[in-house]
Every structure is written in C-alpha cells, then in structure tokens.
> 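Let me begin by handing over the structure; questions about it come next.
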Amino acid sequence: MVTNSSVERGPTRPEPRSLARRALVLGTALLLAGAGVTALSGTARAASTLGAAAAEKGRYFGTAVAANHLGESQYASTLNAEFNSVTPENEMKWDAVESSRGSFSFGSADQIVNHAQSRGMQVRGHTLVWHSQLPGWVGGLGASELRSAMNNHINQVMQHYKGKIAAWDVVNEAFQDGGSGARRSSPFQDKLGDGFIEEAFRTARAADPAAKLCYNDYNTDGINAKSNAVYNMVRDFKARGVPIDCVGFQSHFNSASPVPGDYRANLQRFADLGVDVQITELDIEGSGSSQAASYGNVVNACLAVSRCTGITVWGVTDKYSWRASGTPLLFDGNYSKKPAYDAVLTALGGSGGGGGGGGSAGCSVSYSKAEEWSDRFNGRVTVTAGNAPISTWTVSVTVTPPQKISATWNGSPTWDSSGNVMTMRPNGNGSLAAGASTSFGFTVMKNGNSSAPVLGSCTAS
Ligand code: XIL
C-alpha cells in the first residue's frame, strides 16, 4: 500500500529567484540558437527529439540500423527525425564485408554510412574483430596467416571508411561470462593468445588515427568478474600506452538481467581510467512504466558520468529488434512512441508533449533531488508552462521497485495499481502564465535503491 499523506511545505513557486533563472535559461538558449545548436521559439523550449535533447547535453543518441529497412518510409523518417548517430547492425561484421579471404564487399554498409553522412549523423563502426559472424575460413588459418588476415581485415575496412567513423568497436566480446575473468575461446584467442587484442588496437590506430577506438562487451554493465577483467585490461592498456579511447557497454537488459544498481558506478570507474564510455546496444525487454523507468535510469546514469559520450539503442522499432518478442525498444511496431521513449526524452531534458508548437498550451518538467537521508530522499519536480498560458497540467513520476513514495506536497496525486507510478496534478488552481513555473515534492523510501525517479512528459491544457 502506498501512503500519500499530503504535507504542505511552504508556498508554491515562483519565487523571485526563478525569474532570474528563467532569464539565464533564455539567455543561454539564445546563445545556443545563435550557434546553430538548437531551435527555439519564444520562451526557452526543450528539445523534442532524442538526438536534439542528447545534443543539448553534449551527447549523441543513436540506433542500430539495418540497410534493408532504409527503404521503408516510416523506418527512415523515424530514424531521420530522432537519431543523430547510427551503428550498422550487421553490415560491417566480418562475414558481411569479407566473406572470402581478401575479397571485400561494402555495399550494404556504404548504404548506411551514406544515409548517415548526408544527414549529419555520426557512425559507430561495428565491429572488426569478433568471434561471432566470422566466416569459416578465418578459423581454418594457422597462427601466422590468421595474424596477417586479422591485420589486413582491420586495415582494409578502416581505410575504406577512413574519416567517416566516429568510433570503432575494434574488438567485441573477447571475455568469458561468469566468474573466471578469462578470455573467451576464439580463433584469435586460441591461436594468437591474449596479445591479439593489443595488436588489433595498434593496427586500428595506424589505419585511421582520427577514429576513436573502443572495446565493446556485454554483461559488463555492472561491477562483476567479467567487467573487472575488462577493467584490468583497459588499465593495463592505458599504463602501457596501447591505444584505446573508449569502452562500449552493450546493455542488453531483461528481467533475468536487469539494469544493475551499480551501473553508474561501473561506467564511472572506467571513465576514471581515462577512456570515454558509451552505451552501445541498449535494449530493455518489457513494457509500460517499468520498462520506461529502466530506460530512464540508464539515461540518468550516462548523464551522471561526464565521459559517457552517447547512447545507442539496438534498433528503431520493436518489430525489427533481434529480440522482437521482448518489445525492448522505444518505438512499437507501428512506430508509435512508447512510455520508454517519453522517459528517455524527459531524462535527456527534452519535452515531447506539450512543450512545443507556436502558442499552443504546453509545459515541460525538470527534476531535482532535495534532502537525502540514509533510508529516503525528497524529490522536487518543477513544471514550467510553455509559450502560452495553461490552466492545468499532469506529470507522471515513476519510481523503481522496491522504492515507494511515502509522502507528497503541493500536488494532488493518483496512483497506478503497482504503486510505482504517481500521476500528479495541481492541488487547486493549476493555471500558469506563459513561461511561469510551479513545483511539487515527494519523499521516496529507498528500500535499498537510490535511483532517481523517472518523469513522464508534461501534458497541459
Ligand atoms: C546481433 C544483431 O542484432 C542480429 O541481427 C544478428 O543476427 C546477431 O547479432 N552483440 C553485438 C551485436 O555486438 O552485434 C549483436 O547484434 C547483438 C549482441
């Protein structure tokens, strides 16, 4: 049972400082607009797409793309509207570009790179050296032939795309699952030994010195034996001057493998080694508010780590996901935005619902944490009207189980059946002048989880 005793605390905003703050926000917005960074009108208005909202946070928001869907108009229009980075889902893998030795075919990958380049999107190269989707002939080579085939593959592929790839996953999934911390068996590992990873990175640096070079893996998202092993490798590379710029965390999540509680801490410890971190293949199986909350937690974790430079989701629409039955993405099979989409956009500081559109009623929301104790913290949500007055507003706040909201103030809450999703409406008169703000607060009992709540977008009328 959720208790939601309403405790009034102090007057509603706006307080005098908020005027000065709005002026500051507006000033900053004009500066950004002058620099061509973002489109704004009237009052400072939140970005309304994933890519634009991420860009305002100094990050990219990308998706995996399959060349054979680019001709589908809704696929292309969703991609073009929302994302500013792409990763070819399969088209740059070894079996796609060099299925027989020395004979390279780049057609499908070129299609994706051209699509991205002509629209100002960046490209993550995925992937050069991986045990999977590897043509059989590679495994048949002896050690010295394998070494030269690996280096030739890296050279040919990277030179073909030289100057066009922001970051390459040079080596993918080289470590074993479980507690051993060992390298995974593969033709490279078995014939060349541990040194193959270092050799691949050195070859890659020489082939395209402008590309960031990443190590990418899964089940390394939290602090565990596998991520410790990767961490030790990266620390060793940095200590010895082996070229590595970034670590990718695939972040394929589901109920058996949820977003780890120490996700942010894990990203941070890698960043502290002096590499960028990127969330490279994000998908989270599930639906509705719980999926949305997990997505919000992932975005918040990245935003909390200054060297987390971007997030890529592993596909545009649930219907083409490699895990389609788990509906793990931000758009459903009809390209409708899911609650997870709203959670991501809001966490990025954007606003999908009401923020926009020339004088129509709208609002945006922001969250800040106030007091914190060992067992609980207070959150505050500020609701700001868009460029037109509003008479009322609605915002949802989702907490991550087993968290519970134990008190609220300056708002009138209702709850969904799980008790995790609170829908807040004004306590009394909800009207706000254009650009004006109000705020409400609540107490979250942590029950062991300190994640920030996830806001839905603000709706207004
Ligand atoms: C997956 C693709 O999404 C599928 O279409 C393909 O059949 C198999 O590979 N880790 C990776 C990605 O690094 O390349 C994988 O992509 C998913 C797991």
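Ligands are counted one by one from 1 in listed order, and the atoms in each one are counted from 1 as well. Source: prediction; values computed, not measured.
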> Can you sort out the partners of T309 under side-chain hydrogen bond (donor to acceptor under 3.5 Å, both in side chains), two or more places apart, ordered by chain and number?
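Applying side-chain hydrogen bond (donor to acceptor under 3.5 Å, both in side chains) to T309 gives Q278.
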> Regarding E372 and K446, does a basic nitrogen lie under 4.0 Å from an acidic carboxylate oxygen?
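Salt bridge present between E372 and K446.
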> In plain terms, say whether K319 and E72 are close enough for a salt bridge, that is, a side-chain N and a carboxylate O under 4.0 Å apart.
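Yes.
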> Between K226 and D177, does any side-chain N to carboxylate O distance fall below 4.0 Å?
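Counted as a salt bridge, because a side-chain N and a carboxylate O are separated by less than 4.0 Å.
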> Only counting residues at least two apart or in another chain, list the ones meeting salt bridge (Lys or Arg N to Asp or Glu O under 4.0 Å) with K338.
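Salt bridge (Lys or Arg N to Asp or Glu O under 4.0 Å) list for K338, sorted by chain: D318.
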> Just jot down the ring pair (Phe, Tyr, Trp, His ring centres under 6.0 Å) partners of W168, sequence neighbours excluded, or say none.
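Result, ring pair (Phe, Tyr, Trp, His ring centres under 6.0 Å) vs W168: none returned.
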> As a test of reading the model: which residues have a non-hydrogen atom less than 4.0 Å away from ligand 1?
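Only E89, N90, K93, H126, W130, Q133, N172, E173, Q250, H252, E281, W314, W322 have heavy atoms that fall under 4.0 Å of ligand 1, ordered by chain and number.
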